[in-house]
Amino acid sequence: MSGTDGLLRSWQVDLGPLALTDTVLVTWIIMLLLVAVSWFVGHRLRPEPGRWQTMLEGAYEAMFGAISDVLPERAPLVFPFIASLWVFVVIANLVGIIPGVRAPTSSLSTTTALALLVFLSVHWYGIRVQGLRRYLAHYLDPNPLLLPFTVVAEITRTLAMAIRLFGNMMSLGLTAALVLMVAGFLAPIPILMLHIVEALVQAYIFGMLALIYIAGGLQVQELQTKKE
């Protein structure tokens, strides 16, 4: 299978009542690799960091700083989720540059699952910080008649997150495939650089949107607490 075919086609293997797709397989491989690398790195940290540990610490500081700029008081609380989301989406986007491998984020099922995680995390952090009763109360403020509109808004933004990431990564893959079909391999480096830059940008935007939604929910709760 050529790199162009890998960008355009997917496959599926039926295992009895279950179906194993390329998206599911690649997603699970990424998750297993992240777990293995995290365990390996965690057991090799040194007081005097080497080159790789310095790079990892720099990435850690950059992510923590970005989260602290949006949610300074709750950065340690939300950092594990947002950082994990960033790392996973970056890798899931970048694997699309491997010939014959389709990026999981170019599948709507994957982006929908990620958006649902963000949707659930907003409520999880709100309930964890303020408690179930106080958290649910903010849906009735300032007027209970606005409850349906608030619910629709949250569902809509979740769908928008899923479709946005899916649309951008799918269009990127199709664009790369079309260029390679027309120009062959005369311009592989610009296409590769475009894919890398777009993968990083889309991962950053997705993580920032998740962070903003979580921060918005927590700040609403903290404002209500101050009023009380």
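- Residues Phe88 and Phe206 keep their aromatic ring centres 6.0 Å or farther apart.
- Listed here is the closest heavy atom pair of Ala203 and Asn93: N-ND2, 3.8 Å.
- Atom CG of Leu218 is separated from atom CG of Leu77 by 7.0 Å, given to the nearest 0.5 angstrom.
- For Thr112 against Leu108, the heavy-atom pair with the smallest separation is OG1-O, 2.6 Å.
- Annotation: cation-pi pair Arg74/Tyr125 absent, no NZ/CZ under 6.0 Å from the ring centroid and within 45° of its normal.
- Note on Phe40: it does not cluster hydrophobically with Met31, by side-chain heavy-atom contacts below 4.5 Å among ILVMFWY residues.
- Counting only distance, with no hydrogens or angles, the side chain of Trp86 and the backbone of Met63 share no donor-acceptor pair below 3.5 Å.
- Taking 4.5 Å as the limit, some side-chain heavy atom of Thr27 sits within range of a side-chain heavy atom of Thr110.
- Of all heavy-atom pairs spanning Leu85 and Ala210, the tightest one is CD2-CB, 3.8 Å.
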inquiry  = Using ring-ring contact (aromatic ring centres under 6.0 Å, His included), reason through Phe79 and Tyr60 one step at a time and then give a plain yes or no.
reply    = CA-CA 10 Å; Phe79 175 81; Tyr60 175 94; 4.8 Å; yes

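- Residues Val70 and Met208 are in side-chain contact: their nearest non-hydrogen atoms beyond the backbone lie under 4.5 Å apart.
- Using modelled atom types, no side-chain atom of Ser106 and backbone atom of Met170 make a donor-acceptor pair closer than 3.5 Å.
- Hydrophobic clustering (side-chain heavy atoms under 4.5 Å, transitive across Ile, Leu, Val, Met, Phe, Trp, Tyr) groups Val197 together with Ile91.
- One distance of note links CZ of Arg51 with CE of Met55; it measures 9.0 Å at 0.5 Å rounding.
- In this structure, Tyr204 places its OH atom where only 12 or fewer heavy-atom neighbours from other residues, nucleotides or ligands lie under 6.0 Å away.
- The cluster map of Ile, Leu, Val, Met, Phe, Trp and Tyr, joined by side-chain heavy atoms under 4.5 Å apart, puts Leu34 and Val101 in the same cluster.
- A donor-acceptor pair shorter than 3.5 Å can be found between the side chains of Ser109 and Ser107.
- For the pair Glu154 and His123, the minimum side-chain heavy-atom distance is below 4.5 Å.
- Minimum interatomic distance between Thr111 and Ala162 (heavy atoms only, all atoms of both residues): OG1-O, 3.0 Å.
- Between Thr156 and the options Leu159, Val152, Thr158, a side-chain contact (heavy atoms from CB on, under 4.5 Å) holds for only Val152.
- The CZ atom of Phe119 lies 12.0 Å from the CE atom of Met161; values are rounded to the nearest 0.5 Å.
- A 4.5 Å side-chain heavy-atom check between Arg102 and Val26 finds every atom pair outside the cut-off.
- Summarising the geometry of Leu211 relative to Ala66, their closest heavy-atom pair is CD2-O, 4.1 Å, with the distance given to 0.1 Å.
- Taking each heavy atom of Ala103 and Val95 in turn, the nearest pair found is CA-CG2, 4.0 Å.
- Interatomic distance, CG of Asn168 versus CD of Glu198, reported as 5.5 Å (0.5 Å rounding).
- Put simply, CD on Gln202 and CG on Leu165 are 6.5 Å apart, with the number rounded to the nearest 0.5 Å.
- With a 4.5 Å cut-off on side-chain heavy atoms, Arg157 and Val122 count as touching.
- Using a 4.5 Å heavy-atom threshold, the side chains of Tyr213 and Ser121 count as separate.
- In the hydrophobic clustering of this structure, Leu56 groups with Leu45; members are Ile, Leu, Val, Met, Phe, Trp, Tyr whose side-chain heavy atoms approach within less than 4.5 Å, directly or through other members.
- Atoms CD1 and CD1, from Ile82 and Ile67 in turn, are 6.0 Å apart once rounded to the nearest 0.5 Å.
- Hydrophobic clustering keeps Leu120 apart from Val78 (ILVMFWY residues linked when any side-chain heavy atoms are closer than 4.5 Å, directly or through intermediates).
- Between Ile214 and Phe81, the closest side-chain pair of non-hydrogen atoms falls below 4.5 Å.
- In the model, Arg44 has no side-chain atom that pairs as donor or acceptor with a side-chain atom of Gln53 under 3.5 Å.
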